[in-house]
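See structure below.
In this chain, numbering begins with 1 at the start of the sequence shown. Order of appearance sets the numbers: ligands from 1, and atoms from 1 within every ligand.
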Amino acid sequence: MTNTNFTPRVFSGVKPSGGLTLGNYLGAIKRFVGMQGQMETVYCVVDMHAITVWQDPKELSNMTREVAAGYLAAGLDPTRSILFNQSQVSAHAELGWIFNCVARVGWMNRMTQFKDKAGSNAEKQSLGLYAYPALMAADILLYHATHVPVGDDQKQHVELTRDIAAKFNHDFGRDFFPLTEPVIEGPAMRIMNLRDGTKKMSKSGESDMERINMTDDADKIAKKFKKAKTDPEPLPETVDGLKDRPEARNLVDIYAALNDVTPEAVIAEYPGAGWGKFKPALADLAVEKLAPMSAEMSRFMDDPAEIDRILADGAAKARAIADPILRDTYDIVGMLRS
Ligand code: TRP
C-alpha cells in the first residue's frame, strides 16, 4: 500500500488548554506556518481534545481564540491554509466513533501519554482522555492527511493512526485511508523551562518566570531571559560542551531556533562567552522576533469577531474536504443512508 494516490496534505492540531508558550511557537506553530505553500495545509484548534480534562467553559472559548490568534500572528494566512476549531466540524466526532470501534483496547493500553498523565489515578480520568488517540486519528484521516508535523511526544499517536488506517483498510478490503507520515521536529525544538532545564516549558507551571508566553510584551521577554537560570560556567567552545548542562543547552537551542541557525552556529558566534554577554544578546534577539508577534496577537484578541469569522470560514472549507470522506467511510462501513 502506498500513499501515492493521495494528494499531499498536512494536518496538525494545537490544544486550547492554557495559553501559548515559546515552546508551542518554536515547536509547532512556526513549523506549521513554514509548511504553507509546500502543500495543502489544514490547521485545527482541537477544542474537543481540550475537554478530556476539565476546562472552564468561558476560558475554553477564550483559549480557542487565543490559539487561533497565535497562528495568525505567527504568519498563518487564512487564504493559503485552512484554520478552524474542531468542534465546528462535526465529522471529527463521527469518524472518532468509527475509529473507537476499529482501535483495540490493547493498543490504547500501550499509549505512554495516557499512563504519564493519568499516573496512579487512571480510574478517575475521563473515558475521553483514554480514547483520545482514536479521535486524533480521526482528525488526521478525515482529511486523508499524508503528513503530520508533531512533537516527539505525539509520535506514538501518529503510529497508532497508521495502525487504525491499516486495520480499517484491511477489514473492509479497501485502500481508503493513507498511512500518514509523522514529520518530527528537529533537535532544537524541545524548549525547556527557564528555571529548570530538565523540564519541558509548560503553560501550566506555577511560576510565570519559567516560561515565555506568546502574549508577553518586550519588557517581560527581556526580563525573563535575563533572569533565566544558568550554571556558573561560560558557554563552551563546541556544542559537545553543552552536554549535561540543561539550562545552557536550552538557551543556546532557543537562540538557534529563533535565528533559524544550528546550535553549532550559535556556539561558533559566542565561543566561551559569559552569561553577561550571551543573555542580553538572547534577550535582544527574542524581543526582536517575538514582540511584534505578541503585539499582533493582542490586536487579534481585541477583535474576537474577526477571529470568529476566520474560524467559521475555515470550518466551511474543512467541511468541504471532511464531509465527503466521512460519507464514503459510512458507505464502506455499511451505514444506511436513505
Ligand atoms: N494530541 C496533540 C497534542 O496533544 C494535539 C492533536 C490533536 C493533534 N489532534 C491532532 C496533533 C492531529 C496533530 C494531528 O499536542
Side-chain angles (χ1 to χ4, degrees), residues 9-33 35 39-53 55 60 63-64 67-68 70-71 76 81-89 91-96 99-100 103 108 111-118 125-126 128-165 177-185 189-191 200-204 314-315 318 321-322 325:
R9 184 179 286 145
V10 173
F11 182 96
S12 202
V14 170
K15 239 186 301 179
S17 42
L20 293 172
T21 68
L22 182 65
N24 298 114
Y25 173 62
L26 292 175
I29 294 175
K30 181 168 183 249
R31 292 192 306 137
F32 297 175
V33 170
M35 292 173 102
M39 46 183 126
E40 218 182 303
T41 38
V42 183
Y43 296 127
C44 187
V45 185
V46 289
D47 48 6
M48 294 172 71
H49 286 280
I51 61 165
T52 53
V53 298
Q55 303 294 332
L60 178 62
M63 282 302 149
T64 300
V67 172
Y71 274 111
L76 182 139
S81 289
I82 297 177
L83 177 65
F84 70 107
N85 60 309
Q86 187 183 24
S87 59
Q88 295 209 65
V89 180
H92 287 254
E94 294 180 70
L95 189 62
F99 287 172
N100 278 344
M108 293 303 174
M111 295 298 113
T112 56
Q113 193 181 52
F114 180 78
K115 290 183 210 162
D116 293 347
K117 279 198 179 179
Q125 303 302 323
S126 73
L129 186 68
Y130 180 68
Y132 134 109
L135 180 61
M136 175 164 164
D139 301 337
I140 295 167
L141 294 174
L142 193 50
Y143 300 88
H144 279 181
T146 52
H147 297 76
V148 176
V150 281
D152 210 32
D153 61 327
Q154 295 298 316
K155 199 172 158 204
Q156 196 185 31
H157 295 159
V158 182
E159 278 156 13
L160 181 91
T161 301
R162 294 163 64 91
D163 291 343
I164 289 175
F177 288 116
L179 299 183
T180 307
E181 297 290 340
V183 184
I184 302 296
E185 62 198 27
M189 293 311 177
R190 203 171 148 80
I191 304 304
K200 202 170 152 175
M201 184 182 284
S202 104
K203 17 189 162 191
S204 53
I321 303 173
I325 291 178

| Within the protein, residues bringing a heavy atom under 4.0 Å of ligand 1, chain by chain | Phe11, Ser12, Gly13, Lys15, Val46, His49, Tyr132, Met136, Asp139, Ile140, Val148, Val150, Gln154
| Should the ring pair Tyr132 and His157 be called parallel, tilted or perpendicular, given that the plane angle runs from 0 to 90° and is split at 30 and 60? | perpendicular
| task | Using the six-membered ring wherever Trp is involved, compare the ring planes of Tyr143 and Phe11 and label them parallel, tilted or perpendicular (cut-offs 30° and 60°). | result | parallel
| query | Are the side chain of Gln55 and the backbone of Ala50 linked by a donor-acceptor contact shorter than 3.5 Å? | reply | yes
| query | Going by the side-chain hydrogen bond (donor to acceptor under 3.5 Å, both in side chains) test, which pairs reach into residues 13-22, not counting sequence neighbours? | reply | Thr21-Asn24
| query | Taking side chain as C-beta onward, heavy atoms only, is Leu141 less than 4.5 Å from Pro178? | reply | yes
| Looking at Ser87 and Met48, what are the two nearest heavy atoms and their distance? | CA-SD, 3.8 Å
